[in-house]
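What follows is a single structure, written as C-alpha cells, with notes after it.
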Amino acid sequence: MARQYTLQRAAPTGPKIDYAAELNAEQLAAVTAPPGPALIIAGAGSGKTRTLTYRVAYLIENGILPHHILLLTFTNKAAREMLDRVAALVPQPLDGLWGGTFHSIGNRILRRHPVEAGFAAGFSILDREDAVDLMDEVVVKLELDPHEKRTPKGEVFADVLSYQLNTGFSLSDVLAEKYPHFLQYRDQFALARSRYEKKKQEANALDFDDLLEKTVALFRKHPHIAEHYQRQFQFVLVDEYQDTNHLQNDFIELLSARHHNVMVVGDDAQSIYSWRGADFHNILEFPKRHAGAQVHKIETNYRSTPEILAVANAAIAPNKKQFKKALRATRAATDSRPALIPLPDSGQQAALVAQRILELHEEGMPLEEMAVLYRAHFHSMELQMELTRRGVPFEITSGLRFFEQAHIKDVSAFLKWTVNPRDEVAFKRMARLLPGIGAKSADTLWAQVGERFRSKTQEPAAPAPTEGEDPDWSVDDEPPSALAPADRATRERPETIANPWLGMPPIKDLLAGLKVPTKTVKAWEQLAYTLDELAPGGKLAPPAQMIGSVLEAVYDDYMLANFPNYEARREDLGTLANFAKQYDSPQPFLDQLALMTSLDSDAAQRKDDPERVTLSSVHQAKGLEWRAVFVIWLAEGKFPTARSLDNDAAIEEERRLFYVAVTRAKDELYLSYPCVSYSGYGDPLQRPSRFLAEIPRELLEEWQVGGVF
C-alpha cells in the first residue's frame with residue numbers, strides 16, 4: 001500500500017504586517033475575511049485600492065502561493081499600482097501572481113491554447129482602427145444601397161456588434177434599444193458578423209473583444225482547459241466590479257467555479273457605464289448568485305469634508321436599487337457648505353466659473369487642484385472660450401477641444417467655402433463627405449469648380465475706406481466678438497463684409513453638370529442645392545441658419561451613418577448653432593472659430609504652464625479627485641439628460657453619475673445652472689435639476705450673483 005505524504009507550505013519569513021494598525025475596522029474585516037465568496041462595497045474615497053492590496057498581501061502571508069491568486073482590474077495602470085504596493089508589503093517575490101486587465105489575462109490564456117481556440121500560434125491582435133478597416137471591407141461587399149443617406153458604415157457596424165457581444169443581448173434588442181434607425185438592416189448586421197469572423201480567421205487575427213469572448217468560448221468547449229485554470233486560481237479578486245459587463249462576469253464565474261473564493265470590490269453607487277455595456281445587476285445580484293456570500297461595507301471616507309459628504313449622501317439616497325450606505329468623514333467640519341449657484345444664462349455661468357477659478361488661484365490653490373465637470377462635452381464650449389479669453393490654461397480629459405472635433409470642422413467647412421469659394425481645403429473636406437469621393441476625386445472636382453468660378457468672376461478689388469476711417473486700424477488682431485464685454489462698446493466698429501456671390505449665378509447652377517462618380521451623382525446634387533440655401537439669391541444667410549440647413553439637408557444623415565455617438569455630436573452642433581445666433585454674418589462667426597481654435601492649440605502646446613485646470617465629463621473623472629470641483633449645467637434635461645427623463649433605470653444611473661461628480665471634491669464644491677438657455681430646442685427657460693431639489697437646502701449655501709456682465 002502506497003504511503004501518503006503531505007507537503008506543507010513553508011512559513012513566510014520577514015516581519016508580519018500589523019493589519020489592525022494599518023487598516024480601519026471596516027477595511028480590516030474585508031481584508032481578513034475567511035475564504036468564500038465576498039462582496040466589498042467600497043464607498044467613494046474609502047481606500048478601495050488599499051483594501052484590495054492588503055487582501056492580496058494577507059493571502060500570501062497566510063501561505064497562499066502567488067500563482068494561485070488572480071487579480072483582475074480595468075486598467076493596466078491599476079494592476080501595476082496594486083502589484084507594486086503588494087511587493088512593498090510582502091518580503092517574498094511575487095513571481096507567478098497573475099494580475100492585469102480582463103483582456104490581458106484573456107490574451108495570456110489564448111497564447112497558451114491558440115489551436116484549441118480555433119487560431120494558429122502567433123495570431124495578431126487588431127487595434128480599433130484595424131478592426132474598423134476590416135469591417136469596412138465586409139460592409140462594402142454587403143452591397144448596401146449607396147444612394148440611401150442613412151446606410152450604416154463600418155464603424156457603426158463594429159460598434160453595434162461589439163455592444164451585442166459584450167452585453168449578451170440579441171441583435172434585434174440592441175438595434176431596437178440603441179440604434180432604432182438601423183432596424184431595417186438587422187439581416188445585414190448578422191451577415192456582417194459571420195463574414196467579419198471569417199476574415200479574422202483567414203488573417204489569423206483577433207480583435208479586442210475576441211480576447212475575452214474566445215477565452216470564454218475556449219473554457220466552454222474544452223472543460224479540461226477550464227478546469228486547469230480553475231484549479232490554479234484558488235483566489236480570484238476583482239476591482240471595480242460595478243463596471244463589469246455580461247462577458248466579463250461570465251469570465252469571472254467560470255474561473256471561480258471550483259473554489260468559489262471570489263472577492264469582488266466596487267461601489268454600486270458609482271455604476272455609470274451602461275452605455276458601453278456595463279451591467280449594474282452584476283454587483284447588485286452578487287449575493288443572490290453566490291449563496292452565503294459575505295457583504296462588507298467600507299463607508300469611512302478619507303477624501304472630502306463632512307459638508308460635501310452630507311450632500312453626497314443626500315444625492316444618492318432617492319435611488320431604490322442600491323446597497324444602502326452613508327459615507328462618514330475622517331476630516332473635521334469646516335463650516336463651509338457646498339455652493340448652489342443659479343445664473344441668468346450660460347454665458348454668465350462660464351464667467352462665474354472662470355472668475356472663481358482665478359480667485360481660488362490667487363488665494364493659493366494650484367490650478368491642477370481644480371476641475372470643472374459636466375454631463376456632456378458640448379456643455380464645456382462657452383467655458384473653454386471664457387477661460388481662453390482670460391488666459392487660464394486648461395486641459396480636457398473628455399475628448400478634443402470643442403472646435404477641434406471632426407463634426408465641428410465638417411460643418412464649418414460648408415460655411416467657409418460659401419464665404420470664400422477659393423478655399424480649397426474647405427471644399428475638399430465637404431466633397432470627401434460624399435459617397436465615392438476620396439482624395440483623388442476631390443482634387444478632380446476642385447479643378448472643375450475652380451475653373452468655373454474663375455470664369456464667372458474676376459479678382460475683387462479691396463473696398464475703399466470710408467471717410468474719416470483709418471485703413472490701418474486694428475484691435476490687436478482680435479475680432480470684436482472675442483473682446484471682453486466691457487471693451488466692445490469702445491473698440492467695436494462696423495465692418496465691410498465681402499460677398500463673393502453678388503452678381504454670380506446660383507451656386508446650384510455653378511456646380512451643376514460636373515463630372516462626378518456615378519455613385520456620387522445624387523449626393524452631389526443635394527450638396528449643390530444645400531450650398532445654394534446658404535447664399536439664397538446671392539445673399540449670405542446668417543450663420544445659425546446656415547448650420548441648420550447643412551444639418552437638415554446633408555450632415556445629420558451623414559452622422560447617423562458614420563458615428564456610433566450620433567446623439568452627442570448632434571448636441572455639439574446644436575450648441576454651435578446657438579452660439580452662432582449672436583452673429584448676423586458668417587464671416588465674423590468663422591473668424592471667432594478660427595481665433596478660438598488657434599488660441600486653444602497654442603495653449604495646449606505651451607510648455608511653460610506648470611499647472612492647468614481640468615475640464616472633464618463626469619464619466620472621465622471617475623476615480624480622480626480635486627480640492628475644488630465645479631459641476632455645471634445642472635438643469636433638467638441637461639443633467640439628467642432629456643433622454644433619461646422617462647426611464648426610471650436611466651434616471652437612477654444619472655443620479656449615480658451626479659453622486660460621482662459630487663464625491664470628486666475634497667475641499668470645495670460648486671453646483672451651478674443657467675436659468676435661460678437659447679439652444680434652439682424647446683423652452684429656453686431652464687428648470688434646476690431634480691438632483692438639486694433632492695438635496696435639503698440647509699446642506700447648501702445659495703449664492704445670488706450680481707455685478708456687470
Side-chain angles (χ1 to χ4, degrees), residues 128 131-132 135 138-139 142 144 148-194 196 207-209 212-213 216 242-250 268 270-285 319-322 375-378 556-572 574 617-619 637-658 681:
R128 171 69 178 180
V132 170
M135 185 65 79
V138 170
V139 172
L142 291 176
L144 301 174
E148 172 57 48
K149 293 181 181 179
R150 299 188 176 189
T151 301
K153 303 301 187 295
E155 186 171 0
V156 175
F157 269 85
D159 196 71
V160 169
L161 296 176
S162 174
Y163 184 82
Q164 187 219 343
L165 185 70
N166 282 283
T167 59
F169 297 153
S170 71
L171 184 55
S172 295
D173 286 345
V174 169
L175 291 172
E177 176 193 348
K178 293 195 68 179
Y179 306 91
H181 42 285
F182 292 141
L183 270 170
Q184 61 180 308
Y185 295 106
R186 188 227 172 271
D187 292 343
Q188 287 87 343
F189 275 98
L191 183 58
R193 163 76 77 194
S194 62
Y196 177 61
D207 64 21
F208 190 67
D209 290 333
L212 208 52
E213 191 272 334
V216 169
Q242 77 281 346
D243 295 334
T244 55
N245 60 36
H246 170 80
L247 188 57
Q248 290 162 334
N249 198 57
D250 281 354
D268 58 296
Q270 297 186 67
S271 180
I272 58 174
Y273 294 115
S274 66
W275 54 275
R276 69 183 187 194
D279 190 348
F280 171 65
H281 294 92
N282 286 346
I283 189 168
L284 207 63
E285 297 175 359
N319 270 12
K320 296 179 180 178
K321 294 185 176 180
Q322 64 167 310
R375 177 62 181 83
H377 188 42
F378 74 91
D556 198 71
D557 288 328
Y558 177 84
M559 288 193 295
L560 274 170
N562 287 274
F563 299 131
N565 60 340
Y566 160 77
E567 293 286 352
R569 293 177 188 257
R570 185 65 178 81
E571 289 173 332
D572 284 349
S617 70
V618 183
H619 283 104
K638 300 296 192 300
F639 196 171
T641 64
R643 294 188 298 275
S644 67
L645 297 182
D646 297 326
N647 185 312
D648 290 344
I651 283 292
E652 291 217 345
E653 178 156 339
E654 291 286 306
R655 190 176 284 110
R656 294 194 293 270
L657 195 61
F658 178 54
Y681 303 100

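These numbers come from a predicted model, not from an experiment. Nothing fancy with the numbering, it's 1 onward along the sequence.
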Give, for atom [atom1] of [X] and atom [atom2] of [Y], the distance between the pair rounded to the nearest 0.5 Å.
X	Y	atom1	atom2	result
Ser172	Leu183	OG	CG	7.5 Å
Asp250	Glu213	CG	CD	10.5 Å
Gln164	Leu247	CD	CG	11.5 Å
Leu175	Arg186	CG	CZ	8.0 Å
Ile283	Asn249	CD1	CG	10.5 Å
Asp557	Thr151	CG	OG1	10.0 Å

Any idea which heavy atoms bring [X] and [Y] closest together, and the distance?
X	Y	value
Tyr185	Pro152	CE1-CD, 3.5 Å
Leu645	Pro640	CD2-CG, 3.8 Å
Gln242	Ala278	O-CB, 4.5 Å
Asn319	Gln322	O-NE2, 2.8 Å
Glu654	Ser644	CG-OG, 3.5 Å
His246	Thr167	CB-O, 3.1 Å

Verify the neighbour count for atom CG of Asp648: are there more than 12 heavy atoms of other residues, nucleotides or ligands below 6.0 Å?
no
Taking the six-membered ring for Trp, are [X] and [Y] parallel (under 30°), tilted (30 to 60°) or perpendicular (over 60°)?
X	Y	result
Tyr558	Phe563	perpendicular
Phe189	Phe182	tilted
Tyr566	His181	tilted

Is the shortest heavy-atom distance from the side chain of [X] to the side chain of [Y] under 4.5 Å?
X	Y	answer
Lys178	Phe169	no
His619	Ile272	yes
Asp243	Gln248	no
Pro564	Glu155	yes
Met135	Leu161	yes
Phe639	Leu657	yes

Keeping [X] on the side-chain end and [Y] on the backbone end, is there a donor-acceptor pair under 3.5 Å?
X	Y	value
Arg375	Thr641	no
Asn282	Thr244	yes
Ser194	Leu191	yes
Gln188	Leu144	no
Asn647	Ala650	yes

Under a 4.0 Å threshold between the charged nitrogen and the carboxylate oxygen, would Glu653 count as salt-bridged to Arg656?
yes
Let's go through Asp556 and Arg570 carefully: what are the C-alpha distance in whole Å and the side-chain angles of both, what is the deciding distance for side-chain contact (heavy atoms from CB on, under 4.5 Å) to 0.1 Å, and is it a yes or a no?
CA-CA 8 Å; Asp556 198 71; Arg570 185 65 178 81; 3.0 Å; yes
Cation over ring, Lys321 on Phe280, under 6.0 Å and within 45°?
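Verdict for Phe280: no cation-pi partner in Lys321.
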Would Ser162 and Asp209 count as having a side-chain donor-acceptor pair, cut-off 3.5 Å?
yes
